[in-house]
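Note sheet for the following structure.
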Amino acid sequence: MCLTEPQALPTRNKPARLQRGVSLIELVVFIVIVSTAVVGILKALDNANRSSTDPMVRKQALAIAEALMEEVQLQPFTYCDPDDLPAGTASSAADCTGGVGGPNDESKLALGPEAGETRASATTPFDNVSDYNGLSMVSGITDLSGAALTGLDAYSASVTVANQALGAVPASDSLLITVSVTGPANTTVVLHGYRTRYAPNALP
């Protein structure tokens, strides 16, 4: 029986170059890159979060503008102030008490309410489309009674009414209504609408 010399076991030591770890410089660079990426992501999320309220503000401003426009357009467009006795039968402003340009002529310039009329008055409220010319709500939106509407104190609104022809309808029988509403962050909505004198003797 032949005995051989025991063979040396293979070494488990790996070459030194395969045992290298991450150097300090590489670790610092990695931390800087990751930190920059995280900051960028957080900033993007913050911007998205801030701008997410903008559509809600714009939607609220639009709802206010539409409500005001409807309120104005539903008013009568008569020759005479509806409180004037001939208003239900007048065929022109000449039939109003005081005649053309008189105190009861709803088309007299500048357009606006008659003396003593206000939007929120219980006795002499606005009763004609032209009465709304110059209406302004600068510190919150109010209802028809003049009460402030909850949650709308950061909004303001204004209304202008002007004679403007609409196709074949002359300017004397057509009014351009412009409603402007401004909300937080200067979010502004402007609506334009027309009202023609299709029922000159219709009273409220």
Side-chain angles (χ1 to χ4, degrees), residues 32-78 81-82 106-167 169 171 173-198 204:
V32 170
I33 292 173
V34 171
S35 300
T36 304
V38 169
V39 169
I41 292 171
L42 291 177
K43 192 170 184 179
L45 290 174
D46 183 55
N47 289 338
N49 186 48
R50 288 183 181 181
S51 62
S52 66
T53 59
D54 292 345
M56 184 59 71
V57 171
R58 185 168 181 79
K59 187 174 181 179
Q60 182 64 73
L62 179 60
I64 294 169
E66 288 175 338
L68 274 173
M69 179 65 76
E70 183 179 16
E71 178 185 328
V72 178
Q73 290 180 323
L74 288 176
Q75 290 289 348
F77 184 13
T78 53
D81 178 55
E106 284 289 3
S107 297
K108 66 182 180 298
L109 299 177
L111 297 178
E114 284 66 42
E117 290 186 349
T118 63
R119 177 174 177 259
S121 175
T123 55
T124 54
F126 288 171
D127 52 13
N128 195 281
V129 177
S130 62
D131 293 343
Y132 281 81
N133 185 42
L135 175 68
S136 180
M137 297 181 231
V138 294
S139 55
I141 307 301
T142 59
D143 61 18
L144 286 171
S145 69
L149 295 174
T150 305
L152 300 183
D153 52 305
Y155 294 81
S156 61
S158 64
V159 179
T160 60
V161 180
N163 292 101
Q164 183 165 312
L166 178 62
V169 182
D173 291 325
S174 177
L175 295 174
L176 171 63
I177 306 161
T178 302
V179 178
S180 300
V181 177
T182 301
N186 287 325
T187 302
T188 302
V189 171
V190 180
L191 291 185
H192 300 283
Y194 283 89
R195 176 70 157 80
T196 59
R197 202 189 319 255
Y198 55 79

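Below, all heavy atoms of this structure are taken into account, side chains as well, without hydrogens, waters or symmetry copies. None of these values were measured; they are calculated from a predicted model.
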- Message: Rounded at 0.5 Å granularity, tell me how far CD in Gln60 sits from CG in Leu62.
- Response: 9.5 Å
- Residue pair Met137 / Thr142: nearest heavy atoms and the distance that separates them: SD-N, 3.4 Å
- Query: Taking the six-membered ring of Phe126 as reference, does the NZ or CZ atom of Arg119 fall below 6.0 Å from its centre and within a 45° cone about the axis?
  - Reply: no
- Is the closest side-chain heavy-atom distance between Glu71 and Tyr132 below 4.5 Å? yes
- Contact check, side chains of Val72 and Arg195, non-hydrogen atoms, under 4.5 Å: no
- Item | Side chain Ser174, main chain Gln164, donor-acceptor under 3.5 Å | yes
- Derivation and outcome, side-chain contact (heavy atoms from CB on, under 4.5 Å), residues Leu166 and Asp173: CA-CA 9 Å; Leu166 178 62; Asp173 291 325; over 6 Å; no
- Query: Nearest 0.5 Å, what's the CD-OG1 distance between Gln73 and Thr196?
  - Reply: 10.0 Å
- Query: So, for Leu175 and Ser130, which heavy atoms are closest and what is the spacing to 0.1 Å?
  - Reply: CD1-N, 4.3 Å
- Task: Compare every heavy atom of Thr187 with every heavy atom of Pro184, then report the nearest pair and how far apart it is.
- Result: O-OG1, 3.0 Å
- Query: So which heavy atom on Val190 is nearest to which on Ser180, and how close?
  - Reply: CG2-OG, 3.8 Å
- Message: Using the rule side-chain contact (heavy atoms from CB on, under 4.5 Å), only one of Asn128, Asn133, Leu176, Thr178 pairs with Val161; which is it?
- Response: Asn133
- Task: Calculate, to the nearest 0.5 Å, the distance between atoms CD1 and OG1 belonging to Ile41 and Thr36 respectively.
- Result: 11.0 Å
- Message: Test your reading of the model: is there a side-chain donor-acceptor pair from Asp131 to the backbone of Asp127, 3.5 Å cut-off?
- Response: yes
- Message: Is any side-chain heavy atom of Glu114 closer than 4.5 Å to one of Thr124?
- Response: no
- Message: Is it the case that the side chains of Glu106 and Thr78 hold a donor-acceptor pair, with the cut-off being a distance below 3.5 Å and no angle test?
- Response: no
- Message: With rounding to the nearest 0.5 angstrom, report the OG1 to CG distance, Thr150 to Leu152.
- Response: 8.0 Å
- Query: Given side chains that start at C-beta, do those of Leu111 and Asn163 come closer than 4.5 Å, heavy atoms only?
  - Reply: yes
